[in-house]
Amino acid sequence: MDGIKYAVFTDKSIRLLGKNQYTSNVESGSTRTEIKHWVELFFGVKVIAMNSHRLPVKGRRIMGPIMGHTMHYRRMIITLQPGYSIPPLRKKRT
């Protein structure tokens, strides 16, 4: 599960939940088959399709005039078989 970073909750990803599609950011070096295997093993679901795209790199100031960039991630849209779902990932509020 090291390749899957975190779930993404944007307007589009919330709309896709109605179609049984889940969105998350993953390491750029992970392959589709690895991600599919991790999701099926960890959540106990059946994946039928996966789409991915690379996010654009954003510039970021490190110190003074020195520019760096944000981390490289890929965004995966995972479609599950009807009848399966992934529980929401929430932190407990104390």
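Not measured: the values here are computed from a predicted model. Computation of the quantities below employed the complete heavy-atom set of this structure, encompassing side-chain atoms and omitting hydrogens, waters and symmetry-equivalent molecules.
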Asker: Do H53 and L55 come within less than 4.5 Å of each other through their side chains, counting heavy atoms only?
Answerer: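 Heavy-atom side-chain distance check passes, below 4.5 Å.
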Asker: How many angstroms lie between OH in Y6 and OH in Y73, if you round to the nearest 0.5 Å?
Answerer: 5.5 Å
Asker: In terms of hydrophobic clustering (I, L, V, M, F, W, Y; side-chain heavy atoms under 4.5 Å; direct or indirect links), are M50 and Y22 co-clustered?
Answerer: yes
Asker: Test of understanding: clusters of I, L, V, M, F, W, Y form through side-chain heavy atoms closer than 4.5 Å, transitively. Do W38 and I48 belong to the same one?
Answerer: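 Shared cluster, no.
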Asker: S24 and I78: which non-hydrogen atoms are nearest, and at how many Å?
Answerer: OG-CD1, 4.3 Å
Asker: Indicate the atoms forming the closest heavy-atom contact of S28 with R74, along with that distance.
Answerer: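 Looking at all heavy atoms of both residues, the closest pair is O-NH1, 3.7 Å.
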Asker: Between atom OG1 of T79 and atom NZ of K19, what is the distance when rounded to the nearest 0.5 Å?
Answerer: 9.5 Å
Asker: Working to the nearest 0.5 angstrom, can you tell me the gap between N20 CG and L80 CG?
Answerer: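 One finds 5.0 Å between CG of N20 and CG of L80.
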Asker: Look up atom CG in N25 and atom NZ in K5, then write down how far apart they are to the nearest 0.5 Å.
Answerer: 10.0 Å
Asker: Backbone N or O of V8 within a donor-acceptor pair of the S13 side chain at under 3.5 Å?
Answerer: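 Yes, because the side chain of S13 sits within donor-acceptor range (under 3.5 Å) of the backbone of V8.
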Asker: Answer with yes or no whether the hydrophobic clustering places L16 together with F9; edges join I, L, V, M, F, W, Y residues whose side-chain heavy atoms lie under 4.5 Å apart.
Answerer: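 Result: no, two separate clusters.
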Asker: Measuring from R75:CZ to R54:CZ, what's the distance to the nearest 0.5 Å?
Answerer: 14.0 Å
Asker: Between K36 and M76, is any pair of side-chain heavy atoms under 4.5 Å apart?
Answerer: no
Asker: Between L17 and I86, is there a shared hydrophobic cluster once you connect ILVMFWY residues whose side-chain heavy atoms come closer than 4.5 Å?
Answerer: yes
Asker: Can you find a heavy atom in the side chain of I35 that is under 4.5 Å from one in the side chain of V47?
Answerer: no
